[in-house]
Structures are given as structure tokens and as C-alpha cells.
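Heads up: the structure comes next, in C-alpha cells.
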Amino acid sequence: MDEIRVQLPDGSVRQVSKGTTVLEVAKSISPRLAKAAACGRINGQLVDLGYACESDVELEIVTADTENGLAVLRHTAAHVMAHAVLRLWPQAQLAIGPTITNGFYYDFDVDHAFVPEDLERIEKEMDSIIKEDLAIVREEITREEALQLFREKGQPYKIELVEELGDSVSIYRQGDFVDLCLGPHLLSTGLLKAYKLLNAAGAYWRGDNSRPMLQRIYGTAFVKKGELDAYLVQLEEARKRDHNKLGRELELFMTSDVVGQGLPLLMPKGAKVLQILQRFIEDEEERRGYMHTKTPFMAKKELYEISGHWQHYRDGMFIIGDEDKGDEVLALRPMTCPFQFQIYKNRLRSYRDLPLRYAETSPLFRNESSGEMHGLIRVRQFTISEGHLICTLDQLEEEFRGVIQLIEYVMETLGLTDDIWFRFSKWDPNKKDKYIDNPEAWELTQRQMKRILENLEMEYDEADDEAAFYGPKLDIQARNVHGKEDTIITVQIDFALPERFDMTYVAKDGSSQRPVVIHRTSIGCYERTLAMLIEKYAGAFPVWLAPVQVRVLPIAERHHVYAEEVRERLLSQGVRVEVDLRNEKIGYKIREAQLQKIPYMLVLGDQEMEGHTAAVRSRQMGDQGAMPLQDFETQIAEEIRTKAR
RNA sequence: GCUGGCGUGGCUCAGAGGUAGAGCAGUCGAUUCGUAAUCGACAGGUCGAGGGUUCAACUCCCUCCGCCAGCUCCA
């Protein structure tokens, strides 16, 4: 009998007979490993446990608790879900059903619209499929056979997918269910132990809004029930931090039906946080050589024609005035760049003037379509820490570095450091009307940017078709409590607009040269940042950012005068302080201050009044005991000064 | 913009073809109290808006507005 050599990750080698499956190898190592196995990896390629080794190979047993193993488990869960949906709605057409971070989904084209109760029905059916413990079998068939198969099954989306594949495709069967799939999968449906369907929503076929809207069901699966439960609890906890709920409860912002969609109203507390952020940012920018401008919120159409916004960004703009009626046509600004460029062009610039660093705390207006708006994260009017650095090509890298340093300082100070990453956003050469049409400039700029990123030794992801219409971006991405990714800060290199605006400087040799522009934000959009901060701190802002830093709580009416005195003292030192003079018990006042996430409560009774002290209660640590007022003032001042978190 | 869900006093929610209810918040009164809810009374809603069906609509139908999740798009 032929023997082959199987080399394991630890370097050891096993002699097994030809045709031995991955599972058999796992069993020979240890029964526990075999039980935990989800799939194998042969020479780097993931394979089913049923895969038979036919020649010398390197083999790794992939257990279900690893990233790859979990993906296999979830992919199998997606198949089981599709199987269940087909049992309940035999006419359903299957689209795709991949795994995603933390779960899986499957897209269906069905007449019936899935409602929450349907998810329970589907889960019941999945439970039966799991109980039946159907073997999951891989088959390699020809393209023609696959087309024939899916024609018989009435699955046009699968046919479309097969048509784009090579001569041989793999399918997986479980009972009467069959799906086009690369695999690998678990060996049988019975191995699925802990899963949950989460929600149903619409999704375009192949993410293309000109193609049919399908129905997507999201779900997740884990190895153990305990892990699933823990994940569901974690989801629940995350939702409690949702800025859109917390921000309203804490009276940071509100919306009004009559004001309109995507137009949040910042209430005094929310406005206070933004004001503090703005002061922090503007001071920091000034320290780093930026000059602040204040430019109009709107401009004539002609300005946007020069910038290219009229050609590439028109859908995103609010346009005022009807051209057909002979009105003057203006547009609210969606970006500040064209305005600051006008300032640059106000006079002849010398290389000695460069780099010029313009910044502006800019309200911007973008006509987002109706389904996009979300709390403070996606809105139609927002304030951005916009800035443009105009420099020579030689200065580009140094300026870029300075921008990154500022951003890192800001993020660090705000405590926005977890689950944040950089994304190098490039253009898509196939989308001509979306981008300024100058392929050479695009490629050159992107190479330039990539080199800078590499010189800065930055870690980043790359994304196609995420660039601005005029240039590539380095985006700083963050995730909200729903796990959704958003750009919070962006840095862009722009060779296009300096040319369109004919920006020049006089070089040392007297020649006229073209500068380069870096578009950048330092904190991004203030409203969005506020949303991120609410979610990060669950509304309990660090003291320096808290809209109310101290609440004074007198115990009885005879302490009111002293309470007012304490308030006055703190107020005169710039501390944001309130006093609760209501006729309520101290427990009640504390509870309210606590729910409002006020960092410090000063409880004042007879003893405090007598000794000129305050009983300090911290929102995090509870009762801290009495301390001289002076000491508390020093302590909180230091905490504010250092922006302690 | 698309798919689906939702819209009842400030908030959380109950109710239902015959014309609205609770808790919290609010107001007033009592209580003057030591670290997460004192007691009582009162007040508060053209049931998101408009149109239609009906003897009768908060409830059924249509349109619009807004909110939520996802898709597309994007800071």
C-alpha cells in the first residue's frame, strides 16, 4: 500500500496510507483535536475534514475556535439557514451567503418579505435540519453540469455566478439542498450548536443599486452556546452606548420633524462639548503653524465649476436659485477647499511663503439622500476641522508627517485609540465620471502617497474606489456601536485642484511653479466625533470635556447659601458647575446627577458648612469623603488641565 | 434613493372600528432629610400630518413627514 508523508505545523511527520482523510489524521493525533476540528489546511489551502490526502503534504488541523475555523462554522450556518428558507419558501432564489466579521448572512429573492417572526420560524426549521444531522458533501462538477443543475433548481443568481467561473466548480450538498460554494464546510449539519439569526434587511444584488433588491438575513454562530450568549450580551451592551439614544437622553442633541432630516439641533450641553473640542483643536492648530480663515457658506456655481464639484459632486450639493428662470445660481459649500484657494490666489506667492497652512472650523452642507442620515454620524450640515496645506513638492512629505502627528495627538488626547485604523483610499480607473480624468496624475499621486506612508512606517489597509474625486486619501476609520465603519479623519494629497485653480508660486529661480495641496482634518467632523466620544465613554465624558463638571448638592435648605457660595467659587475658576436646590433627599439628587453622568458631586451638609469643606462623590468611585474646598479646586483644575481620562 | 420595521402625553410602554391608560418626568402641597428613587394631590394626548372608506377611524386604505436597521452613497 502506498504511504505518504504528512508534515504537521510542529515539524513532525506522520506516515499514513494514501487516501487518509484530514479527519483521520486529526483523530490519530488526538480525539479531542478531531472533535474541535473545523477543517484542514493543506499546503496553505483550506480543505474539508473529509479531504483525502493523496501525496506528501503539509497539514494543519484548523479548530473551530480559530478565525478560519469559526468562518467555516458560520458559513455552514449560512447554508443551513438557506436550506431552511428553501423548505419554508420553496420559490426562494438564492444569491450569496458569505461569512462576515462576527457572523454571516445570506441574500434571497423571495416574494414574501421577512418579518421578525419569520426569523423564529426559520430558526425552528434550522433546528430540524441540525437535528437531522445531514452529511455535507463536496462535489466537483463541470461548469456545464453546474449550469444544468441550477437551471433545474430554478436558481438564476447561481447561474449568473457559475457563468463567471472556470470550467470546474465545487458544490456542497446536504440532503436535498445544494449550493455553489468554494468551501470548506463542517462535515454535517449536526455539528452546528450555537447560532442566532439577528435581523433581516434589504441589499442589492451584487451591491449594485441598479439591480434587484434582495432580502438579506444576518446571523451569527459560535462553537459554544456560552460564547454566543456572551456575544449577544455584548451586542446589547454596545447598543446601550448608542450615541443616538444616549445623546438624546443626556440632552446633548435633538432632532425635530419640522426642522428636517439630518439636521440635528445641538442643545446647550452638546454645544458645550463641541465648543471645548473646537477651542482645543484651534489652539493646537495655531500652535502648529496654521492660520484660521472664515470663508462664506456658499458661492456661485462658477467656483464649483472650476473646482470640479459641479461636475463630480453636484448630487451632494444644495443648490440655490433656478438657472432656467435666469436666477443667479449659488450652492452651499460641501467643502472649504475652493474658498481657501481663493485666499491663496489673492496675491502672488513666493516659495518663501510656503508651506502655508490654512485651517477653518467649517460648517459644510451635503445633500445626503434620505436613507443615509444617522444621528450625529451622517447629517446634512456639519462642522469640520478643515484645513489645506499648500506647499512645494519637496515639502510634501514633511507636511504630511506634521498632519499625522497632529492627528495622532488629537486622537490620543480624546482617547479614541481602540478599534481605529488607517485606510489608504484609492480611485477606481473604471469610474470615469466619478473622478477627475487624469490617470497619469492619479497614479503618480497614489505612488507618492504610498511612499510617504511607507516612509512614515504606517500600518494601513488599502481600498479601491474610496478616494475623493480630486485625489487619494488616508482615512482614519472607526467603528460605531453597531459595528459600522465610518471615516472620522481624512488626509488627502491633491495635484488636481492646484492646476484647475491655476495656483502658482514663484520659485527661487524666478520661475512659476505649481504647489501641492494637502487637504486634511485634524478632528474630522465635530458632530461625528461627538458621536464617537459619546459611544466611547457611554456618555460619561472625561472631566475636561464634560458639559457639567460638578453638581453641588445641599442636603437641606439651610445649606443653600453655602451651596451657592461653593458654586460661585468654582464658577469663578472656570469650572462648569450646577447646584441642585430642589427640595429632595440627597439620595435622589445623587441618583439624578449620577444618571446624568456628571463627574463630581459635592454633598454639602452641616459638617461641610462648618469646616468649609465638601464631601466629594466621584461618578466612578462613589463617596470620597470630605476634603477642604481648596483641595478639591486644585484637584479638578489639574484634572482639567491635563485632560485626564 | 431602495428594502423592511416603526410613529399613542416630555420619556418608556399598554390598549383598540364606538371616540384613550400606567409608570417615570412636570406642577402644587407636605416633609428638611447624609451618598442611586419621601408621601399626597393635580395637570398633561385633535393617538406624526393630510386625504379616503364608514353612521362612526387612534384603529382599515392611500399619500406625505419623521425615526430605526440594512443596502447604495459618504466626513
Side-chain angles (χ1 to χ4, degrees), chain A residues 105 107 112-116 118 198-218 239 242 244-245 248-249 251 254-263 313 315-316 334-335 362 364 366-379 382-386 425 434 465-466 468 473 475-478 482 484-490 492 519 521 523-529 531 553-560 583-595 601-608 615-619 622-626:
Chain A
Y105 68 78
D107 286 348
H112 172 84
F114 295 129
V115 294
D118 290 331
L198 298 171
N199 60 311
Y204 296 108
W205 168 232
R206 309 203 119 177
D208 182 342
N209 62 6
S210 65
R211 309 206 59 180
M213 172 70 64
L214 309 172
Q215 294 193 72
R216 175 172 297 176
I217 300 178
Y218 285 94
R239 279 194 205 103
D242 187 344
N244 206 8
K245 196 162 165 26
R248 291 169 198 269
E249 278 168 17
E251 298 192 315
M254 56 168 284
T255 49
S256 154
D257 288 8
V258 291
V259 172
Q261 259 198 315
L263 298 168
Y313 207 83
D315 287 348
M335 299 178 195
S362 305
L364 300 182
R366 296 188 187 173
N367 194 1
E368 302 290 342
S369 38
S370 63
E372 319 292 0
M373 265 73 79
H374 170 61
L376 292 176
I377 287 184
R378 277 292 283 283
V379 292
F382 54 96
T383 314
I384 204 163
S385 59
E386 185 129 65
S425 301
K434 194 169 164 184
D465 197 22
E466 293 287 352
K473 307 192 288 178
D475 293 320
I476 288 98
Q477 302 295 106
H482 296 106
K484 207 168 158 165
E485 176 179 342
D486 281 302
T487 300
I488 51 175
I489 290 181
T490 178
Q492 304 152 10
H519 304 239
T521 62
I523 194 176
C525 162
Y526 282 93
E527 291 81 356
R528 183 174 285 186
T529 301
L553 310 177
I555 287 181
E557 224 166 288
R558 63 179 178 280
H559 310 121
H560 283 195
N583 182 7
E584 293 291 350
K585 290 163 91 166
I586 197 66
Y588 182 90
K589 293 184 182 182
I590 287 170
R591 179 182 152 81
E592 276 216 339
Q594 195 76 41
L595 290 175
M601 290 153 253
L602 299 183
V603 177
L604 306 181
D606 292 336
Q607 294 157 38
E608 290 75 19
V616 178
R617 186 188 164 95
S618 137
R619 135 189 97 183
D623 191 359
Q624 302 289 287

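So that the names make sense, note that chain A is the first sequence line, chain B the second, and so on, each numbered from 1.
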For the side chain of [X], starting at C-beta, report the closest nucleotide among [options].
X	options	value
A:R558	B:A69, B:U32, B:C74	B:U32
A:R366	B:A69, B:C71, B:C74	B:C74
A:I555	B:G4, B:C33, B:G1	B:C33
A:A615	B:U35, B:A75, B:C71	B:U35
A:I590	B:U35, B:G1, B:C74	B:U35
A:V379	B:U38, B:G5, B:A75	B:A75
A:A556	B:A75, B:U35, B:U32	B:U32
A:Y588	B:A75, B:G70, B:U38	B:U38
A:R591	B:G34, B:G5, B:A36	B:A36
A:L595	B:U32, B:A36, B:G34	B:A36

Q) Is A:D465 salt-bridged to A:K434, cutoff N-O under 4.0 Å? A)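 The answer is yes: the pair qualifies as a salt bridge.
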
Q.
Between A:K473 and A:D475, does any NZ, NE, NH1 or NH2 come within less than 4.0 Å of an OD or OE carboxylate oxygen?
A.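 Yes, A:D475 and A:K473 are salt-bridged.
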
Can you check the [X] [atom1] to [N] [atom2] distance for me, whole Å?
X	N	atom1	atom2	answer
A:L553	B:C33	CG	P	16 Å
A:R216	B:U72	CZ	C1'	11 Å
A:E466	B:U72	CD	C1'	12 Å
A:R378	B:C73	CZ	P	10 Å
A:N209	B:G1	CG	P	13 Å
A:M373	B:A75	CE	P	16 Å

Hey, does the side chain of [X] come within less than 4.0 Å of [N]'s phosphate (OP1/OP2), counting only N and O?
X	N	result
A:H374	B:A69	yes
A:Q261	B:C67	yes
A:S370	B:G1	yes
A:K245	B:C67	no
A:K585	B:A30	no

(Q) Suppose we call a contact any N or O donor and acceptor under 3.5 Å apart; does that hold for the side chain of A:Q594 and the base of B:A37? (A)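 Answer is no: no donor-acceptor pair is held.
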
Q. With a 3.5 Å cut-off and just heavy-atom distances, do the side chain of A:Q215 and the base of B:U3 make a donor-acceptor pair?
A.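 When only heavy-atom distances are counted, A:Q215 does not reach the base of B:U3 through any donor-acceptor pair under 3.5 Å.
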
Q: List the steps, then state whether side-chain hydrogen bond (donor to acceptor under 3.5 Å, both in side chains) holds for A:T255 with A:R248.
A: CA-CA 9 Å; A:T255 49; A:R248 291 169 198 269; 2.8 Å; yes

Q. Nearest heavy-atom pair of A:M335 and A:R366: which atoms, and what distance?
A.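 What the structure gives for the nearest pair is CG-NH2, 3.6 Å.
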
Q | Closest heavy-atom pair and its distance - A:A531, A:I377 | A |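 Shortest heavy-atom separation between A:A531 and A:I377 comes out as CB-CG1, 3.6 Å.
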
Q: With rounding to the nearest 0.5 Å, note down the distance linking CZ in A:R206 to CG in A:L214.
A: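 Here the rounded value is 11.0 Å.
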
Is [N] paired to anything, Watson-Crick or G-U wobble with both distances less than 3.5 Å, and if yes, which nucleotide?
N	value
B:G70	B:C2
B:U63	B:A49
B:G29	B:C39

Q: Side-chain contact test, heavy atoms from C-beta onward, threshold under 4.5 Å: evaluate it for A:L602 versus A:V616 and give yes or no.
A: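 Contact flag for A:L602/A:V616 side chains = yes.
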
Q: Answer with base, sugar-phosphate or nothing: what part of the nucleic acid does A:Y204 contact at a heavy-atom distance below 4.0 Å?
A: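 Base contact.
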
